[in-house]
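We're numbering straight along the sequence, starting at 1. Because the structure is predicted, anything quoted here is derived from the model rather than measured.
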Amino acid sequence: MAEHTILDVSFLGNMINLKLVPGSTAVIKRQIVEAFAEEIFSIIADDDSILLILKDEKNLQAILKVIKNW
């Protein structure tokens, strides 16, 4: 499902911003939490975007790679 709902992925420092199809954030947020619970500091989500704040910037590229391949 994620490959059809993630429209854009960008990042800055230890943060990843996902632009999504409106109404799809709950499902994608759950996927992110299940896959990266140990690396996440916080997640802020609204109807069409998710801001993922990581505990450590060193994990950002690995997490981006996984999310982009969903």
Side-chain angles (χ1 to χ4, degrees):
M1 176 176 176
E3 70 274 8
H4 300 294
T5 58
I6 298 174
L7 304 175
D8 186 49
V9 179
S10 58
F11 64 93
L12 178 66
N14 67 329
M15 299 179 287
I16 300 172
N17 190 53
L18 304 174
K19 298 289 182 187
L20 306 167
V21 171
S24 63
T25 55
V27 173
I28 301 302
K29 181 180 173 186
R30 186 175 322 117
Q31 259 186 281
I32 290 170
V33 170
E34 288 174 1
F36 308 112
E38 295 299 316
E39 291 89 4
I40 296 171
F41 173 73
S42 185
I43 298 177
I44 301 169
D46 63 11
D47 187 56
D48 64 351
S49 65
I50 294 175
L51 177 62
L52 175 60
I53 304 168
L54 305 177
K55 292 178 182 175
D56 192 332
E57 188 176 337
K58 71 179 181 183
N59 299 318
L60 184 128
Q61 290 300 324
I63 292 170
L64 276 175
K65 183 177 179 180
V66 172
I67 289 172
K68 288 180 178 181
N69 287 319
W70 277 346

Could you state whether [X] and [Y] fall into the same hydrophobic cluster, counting links through intermediate Ile, Leu, Val, Met, Phe, Trp or Tyr residues with side-chain heavy atoms under 4.5 angstrom apart?
{"X": "F11", "Y": "I28", "answer": "yes"}
{"X": "M15", "Y": "I40", "answer": "no"}
{"X": "I53", "Y": "V33", "answer": "no"}

I need the [X] [atom1] to [Y] [atom2] distance, nearest 0.5 Å.
{"X": "I32", "Y": "L18", "atom1": "CD1", "atom2": "CG", "value": "5.0 Å"}
{"X": "L51", "Y": "I44", "atom1": "CG", "atom2": "CD1", "value": "5.0 Å"}
{"X": "K68", "Y": "I16", "atom1": "NZ", "atom2": "CD1", "value": "9.0 Å"}
{"X": "H4", "Y": "W70", "atom1": "NE2", "atom2": "CH2", "value": "14.5 Å"}
{"X": "S24", "Y": "L7", "atom1": "OG", "atom2": "CG", "value": "7.5 Å"}
{"X": "F36", "Y": "L52", "atom1": "CZ", "atom2": "CG", "value": "8.0 Å"}

Please, which pairs that meet side chain to side chain donor-acceptor pair (under 3.5 Å) have at least one residue in residues 7-17, sequence neighbours excluded? none
Looking at residues at least two apart in the chain, or sitting in another chain, which of them share a side chain to side chain contact (heavy atoms under 4.5 Å, CB included) with D47? P22
Looking only at non-hydrogen atoms, find the nearest pair between D46 and D48 and report the distance. OD1-N, 3.1 Å
Here the pair of heavy atoms bringing T25 nearest to I50 is O-CD1, 3.8 Å
Distance-only donor-acceptor hits, side chain of residues 54-66, under 3.5 Å, sequence neighbours excluded:
from: K55; atom 1: NZ; to: E38; atom 2: O; distance (Å): 3.2
from: D56; atom 1: OD1; to: K58; atom 2: N; distance (Å): 3.0

